[in-house]
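So you know, we letter chains A, B, ... as the sequences are listed, proteins then strands, and number each from 1.
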Number of protein chains: 2
Amino acid sequence: MAPPGANSAAAPARRSKTDVVDAALGILATQGLPDLTMRRIADELGVRPSALYWHFPNKQTLLAAVSERILALSGSAPDPTPPWREGATAIATSLQRCLLRYRDGAELVSSSLAMGLIQPPAQRQLLELALAHRMPPALARVASSTLVHFVLGHTFHVQQRLELARVAASAVGAPVPAATAPEDDFEGGVALIVHGAESLARADPRP
Amino acid sequence: MAPPGANSAAAPARRSKTDVVDAALGILATQGLPDLTMRRIADELGVRPSALYWHFPNKQTLLAAVSERILALSGSAPDPTPPWREGATAIATSLQRCLLRYRDGAELVSSSLAMGLIQPPAQRQLLELALAHRMPPALARVASSTLVHFVLGHTFHVQQRLELARVAASAVGAPVPAATAPEDDFEGGVALIVHGAESLARADPRP
DNA sequence: ACCTGAACACCGTTCAAGT
DNA sequence: ACCTGAACACCGTTCAAGT
């Protein structure tokens, strides 16, 4: 009766990798990274923890899949090629927005990246942009990776303060600060790195 | 008979906070951060895990004490005030050397820092150096924190690759790569940030 | 193909009680 | 002041077995 892919009432529901990642993202958004355990993901899916190991070999690769979904909306460089300064800033900002969309997003992505389970986000776009502006390749590489690490590190820091504020607020019974204030030195740090690369490139132009 | 502070043969040995941190550093150096558990530290000291909670309220503060010891040798700015470029580079390099002295040093320090349990290392020295060179305060702040985060992030990355190489090597039975190669873009990244700050300061000099 | 059931080998932490 | 003993409430992971 039921067409393939639809669940009849009799057959038990079956989960796909996508469903598992969805459940994990839901827990991440509402509970945060410390509560993102295999057992809670299983609960959310109405399944036993061991079932998850049919979909993923271990927790690390599951979290890497979650990281990739968080980064999926990271904007690519627009066409036609924008100026270095504007383009690099836009890429950095877009990356930060992705990370801020989920609680502890930067920490999660950083650790997946550190374990070599995902590619450095936005780095390819930055590299291409830099090379399009005839930046020396070695400098382009350094500038891209420095910028990406700055965004990750800074956003991690911002989100960690947000978590601390959260526990402090909940201890007093106060409402949690919902939105992330633009805060502070994000723009300054990005500008520093972008400008530094530009200036060094001028001092040592490509033949 | 025994003078105060010495252990007679009859009285059981007693541990100080310092002893606990020493034991933790030993485990960190030989086993790495994932094996730095309360139970293993207790074993190392010949004590039950619960005993550690007399010295420290929880694991996080114990690890923060370990972080502070790792950073204790971080060099301060020499006298007389060196040029910005050389001074900032020296501070960054000295910080990196401290972090590299213990396995997973950068990760440990980063997480203590993220939880707000230690002060950002080397930041005060960098700030003072920048201000001594009449850099605008806002720029000096951004430059200092960007540089510190770069060193932490980069060293974290280097050490993580070292750990991955370690497991790969031990899986094959090969000897582990003992020393850390200077590797790669550390100098480049530091130069980029230091130069960027210098260049921006020239463009917007302090009155 | 997808999941259960049951177990294994761990964690951090608390707390009354000992000396 | 410093530590033991025993417990509590968790973890990630494995693996035979079910459907």
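- Within the 3.5 Å criterion, the main-chain N or O of A:T61 finds a donor-acceptor partner in the side chain of A:N58.
- You'll find the side chain of A:M38 reaches within 4.5 Å of the side chain of A:L62, heavy atoms only.
- Using Watson-Crick or G-U wobble geometry with both donor-acceptor distances under 3.5 Å, D:dC15 finds its partner in C:dG5.
- Taking the nucleotide of DNA chain D with the nearest heavy atom to each of A:A51 and A:T37, the more 5' of the two is matched to A:T37.
- Distance alone, capped at 3.5 Å, is enough to place a donor-acceptor pair between the B:Q159 side chain and the B:Y102 backbone.
- Atom-to-atom distance recorded for B:S16:OG and B:D22:CG is 7.5 Å, nearest 0.5 angstrom.
- Using a 4.0 Å heavy-atom cutoff across all strands shown, B:S50 reaches at least one base atom of the nucleic acid.
- Here A:D19 does not pair with A:R14 in a salt bridge; the nearest charged N to carboxylate O distance is not below 4.0 Å.
- Within the 3.5 Å criterion, the main-chain N or O of A:L45 finds a donor-acceptor partner in the side chain of A:R15.
- Taking every nucleotide of DNA chain D with any atom under 4.0 Å from a non-hydrogen atom of chain A, the first and last of them, 5' to 3', are D:dC11 to D:dC15.
- Each of A:R39 and A:H55 was assigned the nucleotide of DNA chain C with the nearest heavy atom; the assignment lying further toward the 5' end belongs to A:H55.
- Under the Watson-Crick or G-U wobble criterion, with both distances below 3.5 Å, D:dC10 is left unpaired in every strand shown.
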